[in-house]
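Below, chains carry the letters A, B, ... as their sequence lines are ordered, and counting in each starts from 1. Note that the structure is predicted; figures quoted are calculated from it, not measured.
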Protein chains: 2
Amino acid sequence: AIETHGLSRTYERGEDNAVDALVDVDLAVEAGERIGIMGTSGSGKSTLLNLLGTLDQPTTGTVWLDGIDPSTLDDDARSRLRNRKIGFVFQQFNLIPRMTAEQNVALALIPRGVDRATRHERAREVLADVGLGDRIDHHPNELSGGQQQRVAVARALVTEPPILLADEPTGQVDTETSERLMDLFADLNEQLGLTIVIVTHDPTVEDHVDRTVHLSDGHVVDEASYAGA
Amino acid sequence: AIETHGLSRTYERGEDNAVDALVDVDLAVEAGERIGIMGTSGSGKSTLLNLLGTLDQPTTGTVWLDGIDPSTLDDDARSRLRNRKIGFVFQQFNLIPRMTAEQNVALALIPRGVDRATRHERAREVLADVGLGDRIDHHPNELSGGQQQRVAVARALVTEPPILLADEPTGQVDTETSERLMDLFADLNEQLGLTIVIVTHDPTVEDHVDRTVHLSDGHVVDEASYAGA
Ligand SMILES: Nc1ncnc2c1ncn2[C@@H]1O[C@H](COP(=O)(O)OP(=O)(O)OP(=O)(O)O)[C@@H](O)[C@H]1O
Ligand SMILES: Nc1ncnc2c1ncn2[C@@H]1O[C@H](COP(=O)(O)OP(=O)(O)OP(=O)(O)O)[C@@H](O)[C@H]1O
Ligand SMILES: [Mg+2]
Ligand SMILES: [Mg+2]
């Protein structure tokens, strides 16, 4: 499903201010696997996830999505690849303020050429799956933080993508709601073979993944040398 | 420090769509106390915190801040009261995108009439306290999610307010960074008598507060009747 080789990302900020956010990351995720990514704040987790999701370009190294290197594609082809293969849950949600929960979720189905009635029907179904059946007509500013996060999760899942990349999808919700979301991911993994890469600070998520990759200052560290393990 | 009596908040949405976010909450927080607020997603935690912080007005009931009822003041007097007494950490950070971390934090000292050089010096000190000494000239979009959150915490603390109202201040950071923030709050509580009200989903925060208030569907429930306790 996803593979990286020698992946690095440096943010240039003029003079000698550059930040090496990610250094020399080799990663292989099989189709249907569930991988956790943990690490201290600022260790490069979101940077890695953005590169895996083709939302950013590596400084050096390569990413392969089902054998395709996105950097060889033009912008249109790259966003078509992304729309077909990846559901993304952003750390800061990125919901559209003037749209309702239902509209925000249905929007994700437009690139798939799904008709309007079906888009909205599927949006309502997935919102019910994340426990928001009674908030479908609320705008983001009429929802709590955790509810907004669940709308973002619903939007990522509504297209039934083969790969889910989720950046702390349970960071704003309570333990009970978090378990409910993780169970939903597990069902989709078992029934549809969904490949899952999830960034988290929550140690209980380790119970829901096959293995966990630990990042420290942009480097992948093995379990033993990771101070926080 | 803070007291509420019969506090309720209903969000009107036309027709029969109203949401009773908070119902009949009686709460008393002594000066220097540390209180946690927990509850499932959508149970009214942020609504309660916004009312305690005079950022919103109750539908019924009263809030007293050191004996003053903010609803009896005009807008200017209410924001002066807020600036003098409260440091607020928002759930969604609310940083100013075109300002650096240092500028975002220094800005909070302008209503206090502090001169520019001192504002920036104090901003750098508090940013170092939250572990961001090497990111002071980064804009929010050049910071990770957890780093942005820590800038928001620094901005709430830089004015050395008597009361800190924090809405999931450690939701975006790892366990280690979270402990560091909670220790910082504990130091300020012991040394300056800081009163702390903290909304959280993190059960380990219970070790850092004197008592925890549990909300369920807008109601305060006692420990025993709270399903998740
Ligand atoms: N402007 C609004 N209009 C209508 N309903 C609203 C509005 N703002 C919040 N709500 C509703 O009020 C309830 C309480 O929201 P609140 O933000 O206080 O929850 P919370 O306990 O902070 O949840 P979370 O843990 O997800 O942040 C929610 O059900 C939410 O949908
Ligand atoms: N545009 C940018 N310019 C400069 N530095 C950046 C930029 N974006 C991120 N960084 C830096 O890169 C590092 C990695 O950021 P990243 O967002 O990947 O961290 P993270 O592991 O997701 O952290 P968190 O758990 O706080 O979300 C951080 O130190 C951050 O300050
Ligand atoms: Mg991140
Ligand atoms: Mg909230």
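For B:Glu168, the part lying under 4.5 angstrom from a heavy atom of chain A is the side chain only. For a residue to count as touching a neighbouring chain, one of its non-hydrogen atoms must lie under 4.5 Å from one of that chain's; by this rule A:Asp137 touches chain B with backbone and side chain alike.
Between the CG atom of B:Asp174 and the NZ atom of A:Lys45 there is a distance of 6.5 Å, given to the nearest 0.5 Å. Note that CE of B:Met38 is 6.0 Å distant from OG1 of A:Thr175, once rounded to the nearest 0.5 Å. Expressed to the nearest 0.5 Å, how far NE2 of A:His201 lies from OG1 of B:Thr177 amounts to 7.5 Å.
Applying the 6.0 Å contact sphere to CG of A:Asp26 captures more than 12 heavy atoms from other residues, nucleotides or ligands. Summarising the local packing, CG of A:Asp217 is surrounded by 12 or fewer heavy atoms from other residues, nucleotides or ligands at distances under 6.0 Å.
In this structure, the side chains of B:His138 and A:Val19 come closer than 4.5 Å at one or more pairs of heavy atoms. Between B:Ser41 and A:Gln172 there is no side-chain heavy-atom pair separated by less than 4.5 Å.
Interface check for chain A: of the options B:Glu142, B:Gln149, B:Arg135, B:Gln147, the most heavy-atom pairs under 4.5 Å are formed by B:Glu142.
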